[in-house]
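Reviewing the structure listed below.
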Amino acid sequence: MASTASSTVDVRDFKRAMSRFASGVNVLTVADEADHPYGMTLSAFCSVSLDPLLVLVCVNRKTRTHDLVLRHGRFGVSVLSRGAIDVSHYCAEPGADKHLPAEWLDDIPQSRTPVLRDSLVHADCAVYATQRAGTHTIVVGRVEHISFGSEEDPLLYYRGTYRRLA
């Protein structure tokens with residue numbers, strides 16, 4: 001059961017603490033009703049289960065991407081390579097129109113969601129379950145297709161900046 005007591009942790013301290021968790025950079029992809037591709041940089045993505053094959057993303061309920069995912073019941077996750085900093089910046093811009101340019105996309109017929117060309121891997125998912133959590137919705141997706149892309153090193157994020165493997 002969730003606690004209703006207010007936290008004594010300052011929001012700035014919480015953000016600073018979370019920035020010390022190094023993570024890969026991922027972009028959630030989705031198409032609108034007219035099949036136009038959109039992307040949103042994710043900070044929360046992980047595997048959940050091998051049976052069935054499930055992944056988890058957390059999406060702010062105030063974003064247009066959130067509504068598209070829930071309306072269409074599908075999303076993709078592209079794990080970015082180190083060469084995709086521009087893609088990450090573009091998809092992270094708050095409130096911006098995050099329509100994905102055609103030159104950033106790969107044509108993968110088996111995928112039902114947009115696949116970013118500069119990704120190491122792309123998971124094509126159907127919404128399996130959702131759960132509200134604070135300002136976000138936890139979306140669990142059933143992985144229906146995986147495509148492998150670049151063999152570059154991953155793009156990493158640590159302490160508020162992009163990093164690369166040594």
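Excluded from the calculations below are hydrogen atoms, water molecules and symmetry mates; all remaining heavy atoms, backbone and side chain alike, are included.
Minimum heavy-atom separation, Pro52 to Ser49: O-OG, 2.8 Å. Shortest non-hydrogen contact noted between Gly160 and Ser19 is N-CB, 4.2 Å. Nearest heavy atom pair, residue Thr135 against residue Asn60, reads O-OD1, 3.5 Å. Here the shortest heavy-atom pairing between Lys98 and Ala92 reads NZ-C, 4.2 Å. Nearest heavy atom pair, residue Pro114 against residue Ala31, reads CD-N, 4.1 Å. Considering all non-hydrogen atoms of both residues, Gly76 and Thr113 come closest at CA-OG1, 3.5 Å.
From Asp10, atom CG reaches atom NZ of Lys15 across 10.0 Å, with rounding to the nearest 0.5 Å. One finds the OG atom of Ser88 at 11.0 Å from the CD atom of Glu93 (value rounded to the nearest 0.5 Å). To the nearest 0.5 Å, atom CG of residue Leu68 and atom CZ of residue Arg71 are 5.0 Å apart. Atoms OH and CG, on Tyr38 and Asp32 in that order, are 4.5 Å from each other to the nearest 0.5 Å. Taken from CG in Asp106 to NE2 in His122, the straight-line distance is 10.0 Å, to the nearest 0.5 Å. Note that CZ of Arg132 is 6.5 Å distant from OG1 of Thr137, once rounded to the nearest 0.5 Å.
Under a 3.5 Å cut-off, the side chain of Ser81 and the backbone N or O of Asp118 do form a donor-acceptor pair. For Ser111 (side chain) and Ile108 (main-chain N/O), no donor-acceptor pair under 3.5 Å exists by modelled atom type. One N or O on the side chain of Tyr90 and one on the backbone of His99 form a donor-acceptor pair closer than 3.5 Å. Arg61 places a side-chain N or O within donor-acceptor distance of the main-chain N or O of His136, the cut-off being under 3.5 Å. No donor-acceptor pair under 3.5 Å is formed between the side chain of Ser78 and the backbone N or O of Leu80.
A salt bridge between Asp124 and Arg74 is present, with a side-chain N of the basic residue lying under 4.0 Å from a carboxylate O of the acidic one.
Val30 and Trp104 sit in two unconnected hydrophobic clusters of ILVMFWY residues. Membership requires side-chain heavy atoms under 4.5 Å apart, directly or through other members. Val79 and Tyr158 fall into different hydrophobic clusters, defined by Ile, Leu, Val, Met, Phe, Trp and Tyr side-chain heavy atoms under 4.5 Å apart, directly or through other members. Ile146 and Phe75 fall within the same hydrophobic cluster, where Ile, Leu, Val, Met, Phe, Trp and Tyr residues are linked whenever their side-chain heavy atoms come under 4.5 Å apart, directly or through other members. Taken together through direct or relayed side-chain contacts under 4.5 Å among Ile, Leu, Val, Met, Phe, Trp and Tyr, Leu56 and Leu70 form parts of separate hydrophobic clusters. In the hydrophobic cluster analysis, where Ile, Leu, Val, Met, Phe, Trp and Tyr join through side-chain heavy atoms closer than 4.5 angstrom, Val69 is grouped apart from Leu100.
For CG of Leu50, the number of neighbouring non-hydrogen atoms (other residues, nucleotides, ligands) closer than 6.0 Å is 12 at most. Within a 6.0 Å radius of CD in Gln110, other residues, nucleotides and ligands contribute more than 12 heavy atoms. Remark: Tyr128 OH is loosely packed, at most 12 non-hydrogen atoms of other residues, nucleotides or ligands lying under 6.0 Å away. Applying the 6.0 Å contact sphere to CZ of Arg16 captures no more than 12 heavy atoms from other residues, nucleotides or ligands.
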What verdict does the side chain to side chain contact (heavy atoms under 4.5 Å, CB included) test give for Thr29 and Val115, after you've listed the backbone C-alpha separation in whole Å, the side-chain angles of each residue and the deciding distance to 0.1 Å?
CA-CA 7 Å; Thr29 63; Val115 178; over 6 Å; no

Evaluate the side chain to side chain contact (heavy atoms under 4.5 Å, CB included) criterion for residues Arg117 and Val87: first the C-alpha distance (whole Å), next the side-chain angles of each, then the deciding distance (0.1 Å), finally the verdict.
CA-CA 10 Å; Arg117 181 168 288 142; Val87 174; over 6 Å; no

